Undergrad: 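After the structure tokens below, expect a handful of questions from me.
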Amino acid sequence: FDSNGTASSRIYELIEPTYKIFVIFRNLLVTLPCRLVFTPTHRRETSMVGNHRHGARSNHAVRARNDKKRTISDNKRRLTMRMRRTAFIVALMTVFTVSLFAQSRGRNYIKQNISEWGGCRNVAITDTGGDLALNGKNDYAYTAGIPQALADALEKYHDDDDYIDDVQLTEDGEWLILVGKNGCQWSNIPSELESKLRQWNEAEETITSVTFNDDGDWIAVSTDHVASSSTDMDDWIKEGIETHGQLWAAHLTNDACVLCFENGYKFLGNVPQKLKDALKATKYDVYRIKFTKEGSYFFADQEGHYTFWM
């Protein structure tokens with residue numbers, strides 16, 4: 001799905017699976033209770049042999065006791081069956097509820113919001129850990145997969161009318177929010193990166209880009225400095241600055257990295273080929289970039305132009 005899709009197709013993708021699940025669940029609710037109430041119980045008929053008066057009274061008493069036992073046994077069996085069926089219905093309800101929520105808050109939900117906004121400033125996308133999109137000053141939309149603490153933080157900054165500049169999210173659920181000029185909130189980021197961000201915050205440097213992965217690699221960019229997790233990465237970034245000018249943004253996955261400079265790009269590792277092709281073809285001055293190992297990507301400039309494939 002690309003950014004040229006229509007709003008109607010997005011809405012259809014969102015509604016169709018939800019409607020199918022609703023129909024299945026409705027049919028179960030209609031049929032299963034009827035079976036619980038109207039399923040007949042078959043009893044074995046007994047016969048009495050002999051016509052002696054004493055024997056007849058004795059056989060009648062035995063048959064009565066046996067009928068009573070069978071009635072109790074049948075009632076227990078029916079109750080057990082009803083309990084099992086009820087448990088089955090409850091389990092189905094749970095599965096369908098989770099499925100409905102996932103359908104309504106999956107990646108299609110992100111794309112639908114981008115369509116309704118008519119633009120998108122930034123995203124955070126993963127293959128397994130959820131997605132979110134940012135627009136305007138602090139409008140946001142997210143899927144059911146993101147950490148609850150991140151969702152709560154986004155809501156707080158939105159309610160406080162703070163500018164949400166960027167969000168980083170890894171496959172394992174580690175995250176960081178870049179707020180305003182140099183404010184940050186994070187969860188489980190590398191300790192060296194945390195120290196560097198605190199240092200820049202105290203020096204009132206404007207932080208423009210922060211990225212990290214689940215393996216401890218990281219890159220941070222301010223208007224005055226660039227820092228990373230290794231000397232090899234420092235050297236690679238320095239080569240790019242000498243060739244392409246100022247470093248604007250970077251993005252790391254667990255096995256790849258893309259750097260966006262003033263006049264070009266640098267790629268490291270398993271960067272999806274379709275992202276490379278899209279960057280080489282675009283006329284944007286790319287300022288924000290995100291991508292995943294499976295090939296989803298988003299990039300945008302500072303003028304409101306954006307491209308995505310996800």
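In this text, all values refer to a predicted model and were calculated from it rather than measured experimentally.
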Undergrad: Taking atom NZ as the centre, does Lys181 end up with more than 12 heavy-atom neighbours from other residues, nucleotides or ligands that are less than 6.0 angstrom away?
TA: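 Yes.
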Undergrad: Keeping the roles fixed (side chain from Asn182, backbone from Glu205), state whether a donor-acceptor pair exists under 3.5 Å.
TA: yes
Undergrad: If you take all heavy atoms of Tyr297 and Ala278, which pair is closest and at what distance?
TA: OH-CB, 3.5 Å
Undergrad: Rounded to the nearest 0.5 Å, how far apart are SG of Cys120 and CD1 of Ile114?
TA: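 The SG atom of Cys120 sits 4.0 Å away from the CD1 atom of Ile114.
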Undergrad: Just verifying a value: how many Å separate Asn254 CG and Thr126 OG1, rounded to the nearest 0.5 Å?
TA: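 That separation rounds to 10.5 Å.
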Undergrad: Compare every heavy atom of Cys260 with every heavy atom of Leu247, then report the nearest pair and how far apart it is.
TA: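 Heavy atoms of Leu247 and Cys260 come nearest at CD1-O, 3.5 Å.
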Undergrad: Quick one: closest heavy-atom pair of Tyr163 and Gly136, and the distance?
TA: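 So the minimum-distance heavy-atom pair works out to CE1-O, 4.1 Å.
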Undergrad: Can you tell me how far apart SG (Cys184) and CG (Leu178) are? Round to the nearest 0.5 Å.
TA: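 Output value for this atom pair is 5.0 Å.
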Undergrad: Are the side chains of Asn270 and Lys293 in contact, using a 4.5 Å heavy-atom criterion?
TA: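 No, side chains not in contact.
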Undergrad: Would you please say whether a donor-acceptor pair under 3.5 Å links the side chains of Tyr157 and Gln185?
TA: yes
Undergrad: For the backbone of Phe267 and the side chain of Lys276, can you confirm whether one donor and one acceptor N or O come within less than 3.5 Å of each other?
TA: no
Undergrad: Mind checking whether Ile237 and Phe212 sit in one hydrophobic cluster, side chains of I, L, V, M, F, W, Y counted as touching below 4.5 Å?
TA: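 No, because Ile237 and Phe212 fall into different hydrophobic clusters, even though each may have its own neighbours under 4.5 Å.
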Undergrad: Please check this pair: side chain of Asp131 against backbone of Ile110, looking for a donor-acceptor N/O pair closer than 3.5 Å.
TA: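 Here the side-chain-to-backbone pair does not exist.
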Undergrad: Got a salt bridge between Arg198 and Glu194, using NZ or NE/NH1/NH2 to carboxylate O under 4.0 Å?
TA: yes
Undergrad: Quick check: does any side chain N or O of Asn138 sit under 3.5 Å from a backbone N or O of Asp162, one acting as donor and the other as acceptor?
TA: yes
Undergrad: Could you tell me whether a side-chain N or O of Thr143 sits under 3.5 Å from a main-chain N or O of Gly130, the two making a donor and an acceptor?
TA: no
Undergrad: Under 4.5 Å between any side-chain heavy atoms of Trp200 and Thr206, yes or no?
TA: no
Undergrad: When Glu174 is tested against each of Leu169, Asn213, Asp214 for side chain to side chain contact (heavy atoms under 4.5 Å, CB included), which residue passes?
TA: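 Filter result, single survivor: Asp214.
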Undergrad: Out of curiosity, does Leu134 fall in the hydrophobic cluster containing Tyr287 (side-chain heavy atoms, cut-off under 4.5 Å, transitive links)?
TA: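 Tyr287 and Leu134: separate clusters.
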Undergrad: CG of Asp160 to CD of Glu155: how many Å apart, nearest 0.5 Å?
TA: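 The CG atom of Asp160 sits 10.5 Å away from the CD atom of Glu155.
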Undergrad: Quick one: do Arg121 and Asp301 make a salt bridge, cutoff under 4.0 Å?
TA: no
Undergrad: Would you say Leu150 and Trp186 are hydrophobically clustered, going by side-chain heavy atoms of ILVMFWY under 4.5 Å?
TA: no
Undergrad: Is there a side-chain contact between Thr208 and Asp166, using heavy atoms and a 4.5 Å cut-off?
TA: no
Undergrad: Determine, step by step, whether Ile189 and Trp175 satisfy the side chain to side chain contact (heavy atoms under 4.5 Å, CB included) criterion, reporting the C-alpha distance in whole Å, the side-chain angles of both residues, the deciding distance to 0.1 Å, and the verdict.
TA: CA-CA 7 Å; Ile189 67 174; Trp175 55 269; over 6 Å; no
Undergrad: Same hydrophobic cluster for Leu259 and Met233, using side-chain heavy-atom links shorter than 4.5 Å among ILVMFWY?
TA: yes
Undergrad: Check this for me: does any side-chain nitrogen of one of Asp165 and Arg288 sit under 4.0 Å from a carboxylate oxygen of the other?
TA: yes
Undergrad: Answer yes or no: is there a side-chain heavy-atom contact under 4.5 Å between Asp217 and Pro190?
TA: no
Undergrad: Atom OG of Ser228 and atom CG of Asp234: how far apart are they, to the nearest 0.5 Å?
TA: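 Output value for this atom pair is 3.5 Å.
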Undergrad: Show, in sequence, the C-alpha distance, side-chain angles and deciding distance for Tyr284 and Val286, and conclude whether the side chain to side chain contact (heavy atoms under 4.5 Å, CB included) test is met.
TA: CA-CA 5 Å; Tyr284 305 165; Val286 177; 4.1 Å; yes
Undergrad: Any sub-3.5 Å donor-acceptor pair from Thr243's side-chain atoms to Glu239's backbone N or O?
TA: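 At least one qualifying donor-acceptor pair exists.
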Undergrad: Are more than 12 heavy atoms from other residues, nucleotides or ligands located less than 6.0 Å from atom CD of Glu204?
TA: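 12 or below, so no.
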Undergrad: Determine whether Asn188 and Asp172 satisfy the following criterion, side chain to side chain contact (heavy atoms under 4.5 Å, CB included), listing intermediate values before the conclusion.
TA: CA-CA 10 Å; Asn188 297 324; Asp172 288 348; over 6 Å; no
Undergrad: Would you say that His244 contacts Glu262 through its side chain, given a criterion of any heavy-atom pair below 4.5 Å between the two side chains?
TA: no
Undergrad: Relative to the ring of Tyr140, is the ring of His158 parallel (under 30°), tilted (30 to 60°) or perpendicular (over 60°)?
TA: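 Geometry flag for Tyr140 against His158: perpendicular rings.
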Undergrad: Considering non-hydrogen atoms only, spot the tightest contact between Ala250 and Ser209 and give its length.
TA: N-OG, 3.3 Å
Undergrad: With rounding to the nearest 0.5 Å, note down the distance linking CG in Leu252 to CD in Gln168.
TA: 8.5 Å
Undergrad: Any side-chain heavy atom of Val210 sitting closer than 4.5 Å to one from Val221?
TA: no
Undergrad: Taking all atoms of both residues into account, what is the closest heavy-atom pair of Pro272 and Gly295, and its distance?
TA: CG-CA, 3.8 Å
Undergrad: Would you say Trp248 ends up clustered with Ile241 if hydrophobic residues are merged whenever their side chains have heavy atoms under 4.5 Å apart, either directly or through other cluster members?
TA: no
Undergrad: Which word best sums up how the rings of Phe291 and His251 line up, parallel for under 30°, tilted for 30 to 60°, or perpendicular for over 60°?
TA: perpendicular
Undergrad: Check whether any side-chain heavy atom of Ile177 lies under 4.5 Å from a side-chain heavy atom of Lys156, and answer yes or no.
TA: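 Not in contact.
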Undergrad: Do the side chain of Ser229 and the main chain of Trp218 share a donor and acceptor less than 3.5 angstrom apart?
TA: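 Yes; judged by distance alone, with no hydrogens or angles, the pair exists.
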Undergrad: Give a yes-or-no answer on whether the side chains of Asn108 and Gln112 include a donor-acceptor pair shorter than 3.5 Å.
TA: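 Looking only at side-chain atoms, Gln112 and Asn108 do not form any donor-acceptor pair under 3.5 Å.
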Undergrad: Answer whether the closest heavy-atom distance between the side chains of Ile164 and Val179 falls below 4.5 Å.
TA: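 In short, these two side chains do not touch, never coming nearer than 4.5 Å.
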Undergrad: Within the distance-only criterion (no hydrogens, no angle test), does the side chain of Lys290 pair as donor or acceptor with the backbone N or O of Val123 below 3.5 angstrom?
TA: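 Yes, Lys290 side chain to Val123 backbone: donor-acceptor pair under 3.5 Å.
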Undergrad: Please assess Phe299 against Tyr306 for the test side chain to side chain contact (heavy atoms under 4.5 Å, CB included), listing each intermediate value before the final yes or no.
TA: CA-CA 6 Å; Phe299 57 84; Tyr306 64 95; over 6 Å; no
Undergrad: If I compare all heavy atoms of Gly245 with all of Phe261, which pair ends up nearest, and what's the gap?
TA: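 Reported closest heavy-atom pair: O-CD2, 3.3 Å.
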Undergrad: Do Ser230 and Asp232 have side-chain N/O donor and acceptor atoms under 3.5 Å apart?
TA: no
